[in-house]
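A quick write-up on the structure given underneath.
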Amino acid sequence: MSPDVASSGALPTEIDRARYRRILRFASRHLAHAWWFELVLPRFGLQRITERTRPRRMRKFARAFHGLAVELGGLMIKVGQFMSSRLDVLPPEITAELEGLQDEVPPEPFADIRRLAEAELGVPLTTVFSHVEHEPLAAASLGQAHAAILAPSLAEDVGFSNAVLKVQRPGIDGIVAVDLAALRKVGRWLSHVRLVSRRVDMPSLVEEFAVTSLEEIDYLQEAANAERFRENFAGSAGVAVPELVWERTSRRVLTLQDVSAIKVTDIDALRAAGVEPHDVALRFAAVMFDQLFTHAFFHADPHPGNVFVTPDDDAPEGWRLTFIDFGMMGEVPAGTRGALRSMLIAAATRDGRGLVAAMREVGVLLPTADATELERAMTQLFARFGGMGFADLREVDPREFRDFGHEFSDVIRTLPFQLPENFLLIIRAISLTSGVCSSLDPKFNLWDAIEPYAQQLIREERGNVVGDAARRALDAARAFALLPGRIGSTLDRIDGGELEVRSPQLEQRVRRAEARRRNQTPAILFGSLLISGALIRDADAALSTAFMLGSLAPLGAVVVNALRGR
């Protein structure tokens, strides 16, 4: 068993070892497959094969992972859901296949659930509840929820009787520990692949996922998150949170008010209740933006099963949004929060250059990146598609999207993007928000929700214009005062032959040319021996085999050169 698993406190049972090895075998097999097609074949001049087979290979991988996640459950389903939201770095062949991956697995027997709940609460369930449904309301990979009715005395104390009993799956702690150990191992593997490491710190990303996952199986943390969320929206009658029964809640058991109402995307039920779906989309987007940009504490899993529309005469327009399941929450650090506000303002004002600058500020784009082409791409993107709703975009000729993508795909791939801390949950929240809004109204225009909020931010920014101008003037004065000394120092270095001018792009091209030169002879020899062996297979099987085996030596030389050049 891996030391990662042992250090986590999980018991190294044979089932744990089998699960750990199963995940690593899956990852290593597909990583080797990707390495061969994406790194080795292009070195032999077979780039066309790589490009032609890529969509099929991506779909095959996604289908295989989908099957693995459903079979294993645990954190694998969560990993698949995160992957489905990564439209920024993963191809659509993967995200489309995984977007339907639901956290629904066969339920645990109620006898096991009762046993765990009573052990946690220290009393029989009949002491707490008058009735508990044996069939769960929902069965997820980490826990399951049952409808219940509180005992009369407890119901009188808390002010409601209809409740939900949420209980962890027995043994889930060990499963999570094993899954995280395997994911950490895969993260370390990927950290040695330059194509991945230049874009994202995989070990840090896995640790962020680990923190979120461990918090999600701590129901005391979920209860605290719910209370904090309630406080943030205490002044809004349009947002609600279920009440908690703290005295009947532990790390593995959560007892709370049953607030089931109209599912946020149930259009027929909304209209039957006199609620306009377009209005729900606007309110939902605004509430999510408030969480991200105002409170800096947000629901990171706002899928349709976690948001209800509750008719309420005291609420604005006669209804309110009710959020549930606060196990997956995110926080926006102070620095990231300011950069996100800048990104929102740039998007609302269709400012391509400002958007790229905000990307630098938030840390998505490294400061060293030459983003001139990206600025041009963003400007053209806003000019052509800015302000369009989902329905409008569907009317655009797909060839126009394809041409635009081909024109700037190389720019996007070559720029050094990375994933800042906590950004994974932000992307997930925004992606799910967009999906819910488009489900409510195909003609929904996300700009309608963004612009009022952005205009308020712009007004706030204008209030700081005088201060900003003063700071910039002071910076300019300092730079001007230092200018003569810097010019003199530079001239001295030129006279002494000490000034070195470097061009990273030129150096990279020289290295690639040198790598191609090193690979040319062994690659040709490898291909000649392999093809010769195949051609004479029927005529002389022994000689054919000798040729094919002999081709392994130059192949090894090419692979070694490829690894050195990476």
Side-chain angles (χ1 to χ4, degrees), residues 2 4-5 8 10 15-34 56-108 136 138-145 168-187 189-190 196 202 205-217 300-301 303-306 325 327-328 424-425 427-428 431-432 435:
S2 161
D4 291 330
V5 180
S8 69
I15 294 177
D16 290 337
R17 286 191 288 268
R19 182 183 183 91
Y20 180 79
R21 289 193 297 265
R22 175 86 180 276
I23 296 171
L24 292 188
R25 279 199 304 270
F26 179 91
S28 59
R29 182 169 66 252
H30 286 279
L31 283 174
H33 193 259
R56 177 178 57 81
R57 290 186 287 109
M58 294 297 100
R59 284 192 294 269
K60 184 178 180 181
F61 163 76
R63 285 194 294 269
F65 186 86
H66 189 289
L68 179 76
V70 171
E71 181 180 350
L72 293 182
L75 290 186
M76 292 301 102
I77 288 179
K78 299 294 182 185
V79 172
Q81 291 173 336
F82 274 115
M83 291 169 64
S84 71
S85 67
R86 294 311 314 276
L87 302 175
D88 55 331
V89 295
L90 292 176
E93 291 82 8
I94 290 180
T95 57
E97 178 68 31
L98 295 178
E99 66 182 1
L101 184 60
Q102 297 296 317
D103 195 0
E104 293 288 338
V105 294
E108 294 283 344
S141 56
L142 303 182
Q144 61 192 54
Q168 276 187 17
R169 284 182 175 270
I172 194 62
D173 286 343
I175 291 174
V176 168
V178 170
D179 290 356
L180 288 178
L183 290 173
R184 288 184 175 109
K185 186 79 168 180
V186 175
W189 289 348
L190 290 172
V196 176
M202 281 304 301
L205 184 62
V206 172
E207 288 309 313
E208 181 183 345
F209 180 77
V211 170
T212 303
S213 301
L214 293 173
E215 287 181 352
E216 196 169 355
I217 60 173
D301 196 24
H303 65 73
N306 283 341
D325 195 348
M328 188 184 298
L424 186 66
L425 293 179
I427 292 171
R428 176 176 174 81
S431 175
L432 288 172

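The structure presented is a predicted model; accordingly, all values stated were derived computationally and were not measured.
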Could you check if a side-chain atom of [X] sits within less than 4.5 angstrom of a side-chain atom of [Y], using non-hydrogen atoms only?
| X | Y | value |
| --- | --- | --- |
| K185 | I23 | no |
| K78 | D179 | no |
| I77 | L72 | no |
| V206 | V186 | no |
| L183 | E207 | no |

Quick one: list whatever passes side chain to side chain donor-acceptor pair (under 3.5 Å) with R29, sequence neighbours left out. none
By side chain to side chain donor-acceptor pair (under 3.5 Å), which residues pair with R21, not counting sequence neighbours? E14
Nearest heavy-atom neighbours spanning [X] and [Y]:
| X | Y | result |
| --- | --- | --- |
| E108 | Q144 | N-OE1, 2.8 Å |
| L24 | A182 | CD2-O, 3.7 Å |
| D301 | N306 | O-ND2, 2.9 Å |
| M202 | G187 | CB-O, 3.6 Å |
| S141 | G73 | CB-C, 4.2 Å |

Between atom [atom1] of [X] and atom [atom2] of [Y], what is the distance when rounded to the nearest 0.5 Å?
| X | Y | atom1 | atom2 | value |
| --- | --- | --- | --- | --- |
| R428 | H303 | CZ | NE2 | 7.5 Å |
| T212 | I217 | OG1 | CD1 | 12.0 Å |
| M76 | R22 | CE | CZ | 11.0 Å |
| L180 | Y20 | CG | OH | 11.5 Å |
| M328 | L425 | CE | CG | 7.0 Å |
| I172 | L75 | CD1 | CG | 7.0 Å |

Taking A140's backbone N and O only, do any of them form a donor-acceptor pair with R169's side chain (distance below 3.5 Å, no angle check)? yes
Taking the six-membered ring for Trp, are F61 and H30 parallel (under 30°), tilted (30 to 60°) or perpendicular (over 60°)? perpendicular
